[in-house]
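What follows is a set of notes on a single structure, which appears directly below.
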Amino acid sequence: MNRARRALASGEILIFDGATGTLLQQRGLPPGQSPELFGLTHPEAVRTSHLDYIRAGARAVTSNTFGGSRFKLPPGTDVTALNRRMAEIAREAAGDDVLVVGSIGPTGKFVQPMGELTLRELVDVFAEQVRGLAQGGADMIIAETHFDLAEAKAMVLACHQVCDLPVAVCMTFEGLASLTGTTPLVFADTMRNLGVDLLGVNCGLGPAGMMDVVRDWLARASMPFLVKPNAGLPRLENGRTVFPMGPEEFAAETAGFVDLGAKVLCGCCGTTPAHIAALARAVSGRPWRRPEAENPLAVTSRSRTVAVGGAHPLAVIGERVNPTGKPVLTAELQAGELSEALRLASEQVESGAAILDVNVGAPMVVEAEILPRLVQSLIGRVDAPLCLDSNDIAALTAGLWAYPGSALVNSISGEPGRMELLGPLCKHHGAPFILLPLEGRKLPVTAAERLGIVERLVDKALGLGIPKHLIMVDALALTVSSKSEAALACFETIRHCREAWGLPTCLGLSNISFGLPARELVNSTFLAMCMGSGLAAVIANPNSARLRETAFAAEVLRARDPQAGRFIASYAGWRSGNGGGAAVPGQGAGNAAGGAPARGPAATLRQAVIQGDKAGLPAMIEAALASGRAASEILNGELIPGILEVGQKYERKEYFLPQLLLSAETMRLGFDRLRPLLADASEGEGAGRIVMATVEGDIHDIGKNIVCLMLANHGYEVVDLGKDVPAERIVGEALDIDADVIGLSALMTTTMVRMADTVRLRDEKGCRARIMVGGAVVTDAFAASIGADGYSPDAVGAVREAARLVGAARGCQSLETC
Ligand code: THG
C-alpha cells in the first residue's frame, strides 16, 4: 500500500510541515521572485528547508511547487520537469520515513462561465504538474489555498487521471464561504463525492477562525481532515507583514482540533519549524479517532448542497425544464434559445425546488450541444444544484464537464452496457445518479421485479468501485389508471430500498395520475403515501401549492421537521381552502436548513434559549464561565431575557408549543448547570421558603418557571410543584415545609378563579404562608378580590413582592398575632 494511504488509515495524528517562504528567503530567495525557479538553481536551499521541518518533527514535507503550474511560470518552462525535480529534492530530504506531499496551488484562472478556460483545459494544466510530482516520488498530492470549487474539482480529476496517489484538497475560507461562495459543507460534500482522501482547510484564518469551518464539516466528515492555519491574522508593521502567534500559542490552539477529529495538523503562513516542533509536542501520544458522521447522498452546486435520504427532508427536484407538453420551450430549444428554460428554472427555485431537473430532449434538438450550454447559463443564474436528465450519453458527458459541483445524473437504466459506460463517468465526476429499474422491453410491474433489477445494477456499480453514497433508486411510478397496483409497487420498492439496503429513493410523481381527473389531488396524496414509506426525493412541479402543503405536513408527521419549525414558519397563517405558505421543504441553503425559526448554532446564550439549542448551550455556558462571567450575570443577562422573549413570541403566534417546550428545556439545562454556582451570589441562606405552582386546570408554566428561577437566584428556597396542581397539594406542601410564601400562577381567565380555592384552604388549615399571585390575565384588583396578599405583573416584580411577603409572614409570626 502507498505510504501516505497507510499513514492516513493509521490511528496516529500526523504533523505536516509549515511555511517555507521565509526559510527560502533566509537562504537567498529575493522577495518577489518565484520560489519554484529559485529552487531549480538552489536545490540545497530547498533541501535544507525541508530538513529543518523534519528535524522539528514533521511527518511530511510539502514540495516547493505551489506556484508550479503553466500559468504561474514563465512561458516555455518545462512544467513537468520542474515539478519532478522539486519532488525529487523533497524525497532526498524525506528518505523512506517521511512523506513527500506534492503541492498544487491555484492557477489564477477561472473556468467558464466566470473565466476563459474550460474544465477540461484546466485538468490538462494540473495534469502536467501532477505527472511531474508523481514521477519525482511524491507520496500524495495536496491542493492548497483553493477557493473555486470548479478549480478544485479539476485538480482532483487531473490526479485521478494521471496517477493512483492519494489526494488532499484544502480550501481557503473567509468566514464561512470561499471567495466564490462555496461553504465548508458544499466543499466537503463535493470532495467526498469525488473520492478525495483528505479534506483540508488552509490559510486565510488563524486556528480560532478555522473552528467554525471544521464544525460545519462535522455533520459529514466521515473522511479524514487536515487543518493548516496561519500563525494568526497578519498585521502590517513598518511595512512588513507580521504574524502574531508564537509557537506555543499556535500549537496550543491548533492542537485543539484533535478533539474535533482532525487527522493532520500543520501550519500555513507565518509558521516556522519552531511552530511545528511545538505542535508535535502538543499532540504527542494522542491517538486519532475517525469522527463518526453520516455519509448521505449529496447533490451540490457551487454554493449549495442538498443531502438526500436518511433523516433529511424530502428533496423536491423541479421537473419543469422539460419540453414534454411545452410547445414554447420546445420551439426555443429547437432554435437554440434558452430564455424560456431559464425562466422556468428561476420560477421553480422561487417556489422552493431544492434541485432542478434539466431535460432538453425534443425532436431536432442536439442534446449534447444544448445541454452543456444550458447548464453553463444556469450555474450563473440559480444556486440550486442541477439534475441532468437525458438518455444521451454524449449529452450527459458534456453536461458533467460543464458543471462545477456534483450534479445528479438522471438516469442509469438496466439497458445492456449503460452502467458500464455511465457508471465510471459518474464516479470520475463524483456525480450521484438515479438507477432506473428498466431493462429490456417489459415493464417491471411488481416490486419484486423492480428490486431484482435494482439489486443487479447496484452490484454492478459497486463492482466498478462506485461508492454507495452516489446511488439513488427510482421507484418507478407507473400509471395507476391502467395498472391498479402501480402505487402499491412503489411503496414496497421505496421501503425495501431504504430498510434492506439503506438506499435513498425518488420517483417522477405525475406519471401515477395519467388519465385521471383531479391529477393534483392524486399526485399529492400519492406523495404523502410515498413519504410515509420513506421516499427521499421527488421529481415534480414545485409550483403546486397543494403539493407543497402535503409535503410540509408529511414532514412533520414523519418526524423530519424538528418542533414542526418549517411547517409552522410556512403555514401558521393558513386558512382551509386558500392555502398560503411559501416553499416546499428542502428549500433554501440546502434542505437541512429552510424555514424559521432558525435552528442553526446560536451566537449568544440568549439566542440559544430562544432557538432551543440544547446541543449548543452547555458548551456556551462553559465558555461564558471560563471567560469569567458570573453565573448570576449569565442567568439574568442571557437566559432569562431569552425565555422572556420566547414567551412574547408565543403570544405573537410566532412560536407554538413545540418551540415553547424546547426553549424551556434548554433554559432548564442552563439553570441546572448554574444553580450550584448561584449560592455564592445569593442574598444569603434563609431568605425565605416559597412554594410555587400553576393552579389546577392550567398547564402554562413558563411564567411560573421564570419566577422560580428568579427567586432561586435571589436566595429563596423554592419548591416548585409544577403545573395543574390542586389546592390541597399546594397548602399541604406549604404546611410541610413551613413555607413563608405561596406563589400561584394562572394564564387563563377560566383557571385564575382556582386561585381563590387555595386562599380559602390556606385560611381553613391555619397555614401561615402569604399568597402572591400572577399570570397574564391576573390583575391587582383580582388579587385583592380573592384575598391574596400580593400580586406582581412580572417576574422581576415577583421577587420584590416575595421579599415584602416574607417580611410580613415572619413579622407576623414573631408578634404571634396570626
Ligand atoms: N423518473 C426519472 N426521471 C424522469 C421521470 C421519472 N424525468 C422525466 C419525468 N419522469 C419527470 N419530469 C416530467 C416533466 C414534465 C411533465 C411530467 C414529468 C409534464 N409536463 C406537462 C405535460 O406533459 O402536460 C407540461 C405541464 C407543465 O408543467 O407546464 O407533465 O419518472 N428518474
Side-chain angles (χ1 to χ4, degrees), residues 297 299 308 315-333 340-341 343-348 351 353 355-363 365 367 371 386-392 395-396 399 407-415 418-419 422 426 431-439 443-444 450 453-454 457 470-481 483 486-487 489-490 493-494 497 503-520 522-524 526-527 530 535-548:
L297 182 142
V299 190
V308 181
V316 174
I317 305 173
E319 72 179 11
R320 302 200 72 227
V321 181
N322 184 326
T324 309
K326 294 189 194 71
V328 176
L329 178 64
T330 306
E332 275 207 6
L333 292 174
E340 177 67 1
R343 189 188 68 75
L344 289 166
S346 304
E347 186 183 72
Q348 292 181 97
S351 292
I355 299 171
L356 291 179
D357 188 89
V358 185
N359 183 320
V360 294
V365 171
E367 287 190 55
L371 187 66
L386 302 183
C387 168
L388 310 180
D389 187 355
S390 177
N391 287 323
D392 181 341
L396 289 173
L408 179 61
V409 167
N410 184 10
S411 53
I412 304 182
S413 73
E415 300 301 315
R418 299 294 284 190
M419 180 58 79
L422 285 172
C426 290
F433 55 87
I434 298 174
L435 285 186
L436 198 62
L438 288 176
E439 56 181 25
L443 279 178
R450 294 172 196 192
I453 300 172
V454 170
L457 277 176
L470 292 183
I471 305 174
M472 168 146 64
V473 175
D474 191 314
L476 206 64
L478 301 178
T479 303
V480 79
S481 54
K483 292 182 186 60
C490 288
T493 305
I494 292 166
C497 284
L503 289 173
T505 47
C506 68
L507 44 73
L509 189 69
S510 61
N511 302 343
I512 201 75
S513 61
F514 277 121
L516 290 178
R519 291 188 58 186
E520 221 187 348
V522 179
N523 291 350
S524 55
F526 178 52
L527 177 62
C530 287
L535 187 73
V538 66
I539 306 170
N541 181 352
N543 302 342
S544 159
R546 191 178 298 271
L547 210 68
R548 288 200 297 266

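Remember, it's 1-based here, ligands and their atoms both numbered in the order they're listed. Keep in mind that the numbers below use all heavy atoms, side chains included, and drop hydrogens, waters and symmetry copies. Keep in mind the model is a prediction, meaning the values are calculated, not measured.
Atom 19 (C) of ligand 1 has its closest protein heavy atom at Glu319 OE2, 4.2 Å. Distance from atom 29 (O) of ligand 1 to its nearest protein heavy atom, with residue and atom name: Arg320 NH2, 2.6 Å. At the top of the distance list for atom 24 (O) of ligand 1, counting protein heavy atoms only, stands Gly325 CA, 4.3 Å. Among all protein heavy atoms, the one lying closest to atom 25 (C) of ligand 1 is Thr324 O, 3.6 Å.
Under the 3.5 Å distance criterion, the side-chain polar atoms of Arg450 are matched with a main-chain donor or acceptor of Pro444.
The atoms of ligand 1 that sit less than 4.0 Å from any heavy atom of Asn322 are 8 (C), 12 (N), 13 (C), 14 (C). Under a 4.0 Å criterion applied to the non-hydrogen atoms of Asn410, ligand 1 contributes the atoms 2 (C), 3 (N), 4 (C), 7 (N), 32 (N). Residue Lys326 has at least one heavy-atom neighbour below 4.0 Å for each of these atoms of ligand 1: 25 (C), 27 (C), 28 (O), 29 (O). Listed by number with element, the atoms of ligand 1 under 4.0 Å from a non-hydrogen atom of Asp474 are 1 (N), 2 (C), 6 (C), 32 (N).
Comparing Gly361, Ser513, Gly508 against atom 5 (C) of ligand 1, the shortest heavy-atom distance belongs to Gly508. Nearest to atom 7 (N) of ligand 1 by heavy-atom distance, out of Leu436, Asp389, Ile539, is Asp389.
Remark: ligand 1 and Asn359 share no N or O pair separated by less than 3.5 Å (distance only, no angle test). Ligand 1 has no N or O atom lying under 3.5 Å from any N or O atom of Asp357, backbone or side chain. No N or O atom of Ser510 sits closer than 3.5 Å to an N or O atom of ligand 1.
With contacts defined as side-chain heavy-atom distances shorter than 4.5 Å, the pair Leu371/Val358 qualifies.
A salt bridge links Glu347 and Arg320; the closest N-O separation between the charged side-chain nitrogens and carboxylate oxygens is under 4.0 Å.
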Could you go through Asn523 and Ser510, starting from their C-alpha distance and side-chain angles, then the distance that decides it, and tell me whether this counts as side-chain hydrogen bond (donor to acceptor under 3.5 Å, both in side chains)? CA-CA 6 Å; Asn523 291 350; Ser510 61; 5.3 Å; no

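Looking only at atom types and distance, the side chain of Ser390 has no donor-acceptor partner in the side chain of Asp392 under 3.5 Å away. Asp389 and Asn322 share no side-chain donor-acceptor pair at under 3.5 Å.
Using a 4.0 Å threshold on non-hydrogen atoms, atom 9 (C) of ligand 1 does not count as touching the protein.
For the atom pair CD1 of Ile317 and CD of Gln348, the computed distance is 11.0 Å after rounding to the nearest 0.5 Å. Separation of atoms CZ (Phe514) and CG (Leu478) is listed at 11.0 Å; rounding is to 0.5 Å. In this structure, OG1 in Thr479 is found 7.0 Å from CD1 in Ile512, a value given to the nearest 0.5 Å.
Annotation for Ile355 and Leu386: closest pair CG2-C, 4.1 Å, computed over non-hydrogen atoms.
Proximity of Asn511 to ligand 1, defined as any heavy-atom pair under 4.0 Å, is confined to the side chain (atoms from C-beta onward).
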